[in-house]
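Okay, structure first, notes after.
No experiment lies behind these values; they were computed from the predicted model shown.
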Amino acid sequence: MTSTLGLIRDWQKAIQAEILHLKKYGSSRWLILNGRLLSKSDAYTYFFDTPSAIKIPTGSSIKIDWGSKRVEGRILSAEGNNIILALKEDIGSDLSEAFLLHDPWELLDQLFQRLEDIKDSKRKRARIKKLMDPSMSPRHPADKVKSSTHELILRSKYNPVTYVWGPPGTGKTYTLARVAANKYFKDQNVLILAHSNQAIDVLMAEISAFASGKRTIADGDLLRYGSQIGPALINHPSLTAEFLLNKEHSNLSGQKADLMEHRRLLKQDLSRSFSRRDSDQLIEIEKKLSGVLEKIRQKEIEFVKNASIIGTTLAKAASDPAIYEKNFDLVIIDEASMAYVPQAAFAASLGKRVIICGDFKQLPPIAASKHKLSEKWLREDIFHHSGVSDAVNDGHLHPHLFLLKEQRRMHPDISAFSNKHIYHSLVGDHPDVLAARVPIAACTPFPGNASILINTHGTGEYGIKDGSSNSRINLWNLLLGFQLIHEAFIGGSRSIGYVTPYRAQALLMEQLIGEIYEEERASADIISATVHRFQGSERDVMIFDSADAAPHDRAGMLLTGKDSERLLNVAITRTKGKFIHICDLQFIQKKVFRNKTWRKLADHQAHNGQAIHPDQIGRWIKNQHPRLQWMHARKLEKVFEDISKAKKEIIMSLPNGEGLGKEWGQALSKRPPGTKLILHAEHAVPFISPDEISALCLPFPFLLIDGHILWLGMPAETHKNALPPYVASRLQSAAAGSYLTSIIK
């Protein structure tokens with residue numbers, strides 16, 4: 001096995017490759033406006049307006065692009081809709097617009113340096129060796145275990161490394177919180193780390209709730225350290241440094257608040273009309289605020305020094321000496337399957353004992369570089385590199401792997417698939433979960449059903465690719481997905497997720513919801529996104545749109561490739577009470593091997609009588625939305641009425657124009673004078689005399705009238721490989737119209 005020093009060197013090379021990639025390709029980019037030079041002393045200080053808030057930490061390195069020039073600098077202040085920058089060069093006194101670029105590579109650079117420090121510490125290297133090679137015999141007394149929580153307490157007391165496998169809904173937060181509280185009650189100090197702020201907030205809130213229920217907790221004993229504090233801590237304000245500052249150093253809090261308010265008002269004035277007096281005052285306030293913030297920083301370091309349980313992100317831990325220079329009795333890493341291996345190793349080096357908690361059946365870490373060491377160490381999790389997950393694949397649990405094996409999130413009809421096919425029947429359902437989820441399953445659509453497959457086979461060939469990103473799009477599935485969201489909302493659901501592997505599909509749904517469903521979304525939690533956005537969250541109703549369908553000649557790699565099981569697992573296991581899978585069942589059975597998770601899911605749902613076929617669409621669509629209607633595609637009165645009212649343009653796409661009926665030619669010939677008819681067809685079409693014709697034709701028929709009235713699935717007779725019943729949809733959406741126009745033009 002490679003020595004620990006050899007591993008650290010490889011990790012540093014992987015991090016360097018990722019940093020180089022981000023520096024070259026990976027900048028986040030924001031438009032900034034109305035730049036004004038405030039001062040020029042050690043650096044050139046500029047004030048810019050921003051169309052929206054830019055959330056970049058103060059002190060972060062940035063670059064400014066305008067024209068062909070690029071200048072480096074750093075953030076002095078980023079609040080509200082303006083930003084103050086210190087630049088290394090003069091870029092003029094007045095800029096109408098520029099672009100701000102920020103890379104996350106600085107955090108990786110901090111991690112690189114922490115690994116460099118570890119090279120000189122024999123003790124820390126020994127901790128990492130046990131993490132990477134947990135081959136030592138377990139030392140905890142298995143015969144004394146009283147419960148699953150007690151077992152983890154014992155494991156973390158006697159063993160240097162404990163891996164915790166926490167499948168969705170198995171009580172990971174509940175269990176970790178009680179272990180941390182147990183250590184606290186025994187006067188040990190604990191560091192809680194995770195990839196995301198949200199995970200830290202949730203776990204710290206649970207620790208606080210449990211511990212304070214057992215005894216009085218002194219303010220400052222439990223500390224949520226960091227600036228990005230979320231809503232999970234609303235009921236636990238005493239965990240934050242801000243609370244302690246207000247309580248113990250109210251004068252500093254008051255000075256900070258006064259200066260920030262003064263700064264806000266000055267920046268507001270500068271946005272309206274620039275004046276030298278205001279800009280000089282702003283510079284002076286920035287200096288005073290900097291001094292106050294440094295004093296506050298020193299107080300926060302004291303809070304960290306005195307706290308018994310500290311929760312912060314992995315990135316913060318690697319960049320803040322208040323954390324990485326401290327030694328802990330126990331380090332708990334949550335969301336470990338999303339962390340880079342070097343991050344997990346650094347974290348493990350900070351404590352005498354470490355608990356690594358996550359789910360290696362969910363999404364792995366994300367890295368951009370294609371370097372072989374980045375591929376190896378930044379795109380696979382610690383469970384795989386330590387050999388812990390290999391043992392599971394070989395049919396047994398690693399001696400240092402503790403499995404949480406009872407799920408409480410999903411209706412049993414949903415978990416039946418993941419429990420068996422993804423978790424090897426090692427995970428079961430809690431006895432109470434069925435009763436808890438029946439009310440959700442009872443709601444529309446498909447009342448009484450928790451797992452549903454919407455089979456789109458025979459509705460037409462709607463599989464296309466986005467022109468700019470090559471991401472897959474399926475408009476028929478998209479409209480079915482919107483209808484399902486609408487049915488669920490009307491049925492009382494207020495927690496709804498639409499998830500798809502393809503970014504273009506998710507973005508188009510997000511635009512559609514924003515355009516025609518914003519009022520409903522104001523009173524509900526409705527999100528459209530790719531799978532990564534949903535990891536770590538849950539919804540009452542999840543709609544999984546696979547999007548893949550004919551005429552694609554093969555299934556996409558996202559659904560069949562190396563990480564497809566993880567992707568599908570996240571999509572399924574976010575669900576509490578109703579999981580709806582939109583797919584072309586026959587496409588899957590023809591194009592996807594039986595051993596692939598997507599095929600297993602479709603077969604499982606079909607075998608268990610959960611499939612809904614196209615001829616049943618009239619039975620489950622109960623609530624037509626004013627801007628999305630479904631009807632038989634042979635009923636032409638409404639579409640002909642829309643044609644007769646067209647004002648500017650009719651775009652018509654016919655994949656099989658030879659089958660067009662004569663009545664269409666008559667209706668189109670009677671379109672209002674001045675209305676342009678643009679035909680997209682591979683061959684000339686009888687009965688139609690267009691103003692323009694293009695051979696660029698999509699594989700499904702549609703009409704787009706005046707850019708916002710879309711008839712999808714009409715004319716029915718021009719479909720390729722569509723089967724009865726022929727169904728069409730009428731959508732009023734400028735977003736969908738604009739998207740279609742961009743594809744065909």
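The aromatic rings of Phe360 and Phe383 sit tilted relative to each other, their planes meeting at an angle between 30° and 60°.
Both tests hold for Arg29 against Phe99: distance to the six-membered ring centre under 6.0 Å, angle to the ring axis within 45°. The cationic atom of Arg155 (NZ for Lys, CZ for Arg) does not lie both less than 6.0 Å from the six-membered ring centre of Phe402 and within 45° of the ring axis.
Panel note: side chain Ser250, backbone Lys247; no donor-acceptor pair is recorded below 3.5 Å. Although no hydrogens or angles enter the test, the distance criterion places no donor-acceptor pair under 3.5 Å between the side chain of Thr50 and the main chain of Ala53. The closest donor-acceptor contact from the side chain of Glu72 to the backbone of Lys88 lies at 3.5 Å or more, if one exists at all.
A side-chain contact (heavy atoms from CB on, under 4.5 Å) with Tyr163 holds for exactly one of Pro399, Ser386, Ser389; it is Ser386. Residue Asp329 is tested with Arg353, Lys352, Gln188 for a side-chain hydrogen bond (donor to acceptor under 3.5 Å, both in side chains); the sole match is Lys352.
Taking the six-membered ring for Trp and the full ring otherwise, the centers of Trp105 and His21 sit at least 6.0 Å from each other.
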Got a list of side-chain donor-acceptor pairs under 3.5 Å for residues 167-174, not counting sequence neighbours?
from, atom 1, to, atom 2, distance (Å)
Thr170, OG1, Pro167, O, 2.5
Lys172, NZ, Asp334, OD1, 2.9
Lys172, NZ, Asp334, OD2, 3.2

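Taking Glu89 as the reference, Lys69 meet the salt bridge (Lys or Arg N to Asp or Glu O under 4.0 Å) condition, with sequence neighbours excluded. Partners of Thr4 according to the side-chain contact (heavy atoms from CB on, under 4.5 Å) rule, which considers only residues two or more places apart in sequence or in another chain, are Ile8, Arg125, Ile128, Lys129.
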